[in-house]
Amino acid sequence: MNKIKNYINGKFLPPVNDEWIDNYCPANGQVYGHIPNSSKEDVEKAYSAAKSAFPLWSQTTLEARSRILIKISELLEANLQRFAEAESKDNGKPIGLAKTVDIPRAASNFRFFGNAITQFASESHESVGHDAINYTLRQPIGVVGCISPWNLPLYLFTWKIAPAIAAGNCVVAKPSEITPMTAYLLGKICTEAGLPTGVLNIVHGLGSTTGQAIIEHPDIKAISFTGGTETGAHIAKIAAPMFKKLSLELGGKNPNIIFADCDYDDMLKTTVRSSFANQGQICLCGSRIFVEATIYKKFKTDFVEKVKQLKIGHPSKEGTNIGALVSKSHLEKVIRYIDIAKEENGTIICGGNKVIVPGYEGGYYLEPTVIEVVTDECRVNQEEIFGPVVTIMPFNTENDVLQMANKVKYGLSATLWTNNLKRTMRMSNQLQSGIIWVNTWMLRDLRTPFGGVKESGVGREGGFEALRFFTEAKNVCIKY
Ligand code: NDP
């Protein structure tokens, strides 16, 4: 049995209360390890370590910080196989995905922010006629909290930690209790890369206790959170009266809008991916597919044919396209939505059933599911399911589809398939989302602002936006 420990002040420590939580392997439904059920005391220890490390780390040269971040990135790359296996086992995602997306991207996060911090600059404003100059300092905040979800465990964990420490902060971080493994392994890598003790502290445990202790801590001055909209609202309620800086990356219900004039084959191939990659458990997946009526019938046939070809299997098997969902309770939630779809007169045109993978009968497998809906206002078209389930329906005009695309409480991303330039410009301007992809999906450039509007979040991550979030601007005005 694996026993994961907290990483505090460069040491691996058991929780103060010696309480542990079972860690399940989604591929077979069995407990394969234990993680600390950390309490307030553990968070306090982590905070103290971070606080002690801050004076020196915040004064460490940018070059030295950069070198350490890049070293972490290199060590992640050198340990790709080990990390990918751990991620796949912990999360249920196909090993191929962990090897080509999750772990390489975690390494890129450190490399990117290791480089970005050497290019980060602040502004100066000359007050002409007043004989004065203003310059802006961008100072690290101090101790910051980073809380991440289970769907892209190391990828999203490092997306926060890397800019936080690059900017000179010290961190108390909590990965999802459902997928703690790679965050645990990251501690070892950070030590090996020479990250000073206390700069990064990783505390494992439940959101309602460990996470809560981080957000409630009066001296943790900024919280960067990725997770569900409800949790985000809860965090905002606690953090706002304490005037903490907040970055909230929350849920989505993203439209995938397909016009008849698109490059059809490219669209079809990408739409299968944007629907079902990582078992549909990516906040950017296009779970509402709207297809121009003139090609709707053809799309429906071709899409279902392609989806049926996806191989469902054990995540460690090369060639598996659809692995296991992350947990039993999540599988049950997704299945409930399939039932709701039936009650609402939706038609399941593909999938919809649990899958038994021989030898792994306890695993959380579900067929990729396509539901034809009669209205965009049904619950499966409005609420986030976050599993291998998409809805499809036809539309007639650009205006109709725009209304439907925007008629949800979320606004994270949207995908548009068309070769009409003017339409691309019109739609991109009017779609209510933080991210728009045209004729592609999940093509990421780490310099770009990342985040959502409406109930998909507040603030932006990525590039200098992240470095701005993790620093305080201080203006200095000098009269000469
Ligand atoms: P949750 O909101 O349940 O959890 C996210 C993290 O917050 C976990 O580490 C969780 O701990 C922790 N948490 C829960 N309650 C509290 C609390 N009271 N105080 C502090 N921390 C708490 O989300 P999921 O893990 O279920 O992730 C799925 C969600 O994440 C989806 O809605 C998805 O859309 C969203 N997401 C958004 C992204 C974006 O960029 N906008 C990207 C990826 C996912 P624990 O689970 O250990 O109890």
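The chain is numbered in sequence order, starting from 1. Quick caveat, the model's predicted, so the values are computed rather than measured. Numbering of ligands and ligand atoms starts at 1, following listing order.
- Not a single N or O atom of Ser456, backbone or side chain, sits closer than 3.5 Å to an N or O atom of ligand 1.
- In this structure, Phe12 and Tyr184 have perpendicular ring planes: the angle between them is above 60°, well past the 30° mark.
- A donor atom on one side chain and an acceptor atom on the other are not found under 3.5 Å apart for Lys160 and Ser148.
- Taking the charged nitrogens against the carboxylate oxygens, Glu77 and Arg111 do have a contact shorter than 4.0 Å, which makes a salt bridge.
- Separating the NZ atom in Lys188 from the OH atom in Tyr7 is a distance of 11.0 Å, to the nearest 0.5 Å.
- In Glu230, neither the side chain nor the backbone holds a heavy atom less than 4.0 Å from any atom of ligand 1.
- The CG atom of Leu97 sits 11.5 Å away from atom OG1 of Thr320, with the distance rounded to the nearest 0.5 Å.
- Looking at Thr226 against ligand 1, both its backbone and its side chain come within 4.0 Å, counting heavy atoms.
- Heavy atoms of Thr229 found under 4.0 angstrom from ligand 1: none, in either backbone or side chain.
- The atoms of ligand 1 that sit less than 4.0 Å from any heavy atom of Gln212 are 17 (C), 18 (N), 19 (N), 20 (C).
- Not a single heavy atom of Gly457 sits less than 4.0 Å from an atom of ligand 1.
- Scored by the salt bridge (Lys or Arg N to Asp or Glu O under 4.0 Å) test, Arg82 finds no partners at all (sequence neighbours excluded).
- The shortest N or O to N or O distance between Asn151 and ligand 1 is not below 3.5 Å.
- Close approach of ligand 1 to Phe450 is summarised as follows: ligand atoms under 4.0 Å from at least one heavy atom of the residue are 40 (O).
- By the criterion of a heavy-atom distance under 4.0 Å, the side chain of Leu156, and not its backbone, is placed next to ligand 1.
- Under a 4.0 angstrom heavy-atom cut-off, Gly205 registers as being in contact with ligand 1.
- At under 3.5 Å, a nitrogen or oxygen of Leu250, whether backbone or side chain, sits near a nitrogen or oxygen of ligand 1.
- By the criterion of a heavy-atom distance under 4.0 Å, neither the backbone nor the side chain of Ile282 is placed next to ligand 1.
- Within the structure, ligand 1 has Pro175 among the residues with a heavy atom less than 4.0 angstrom away.
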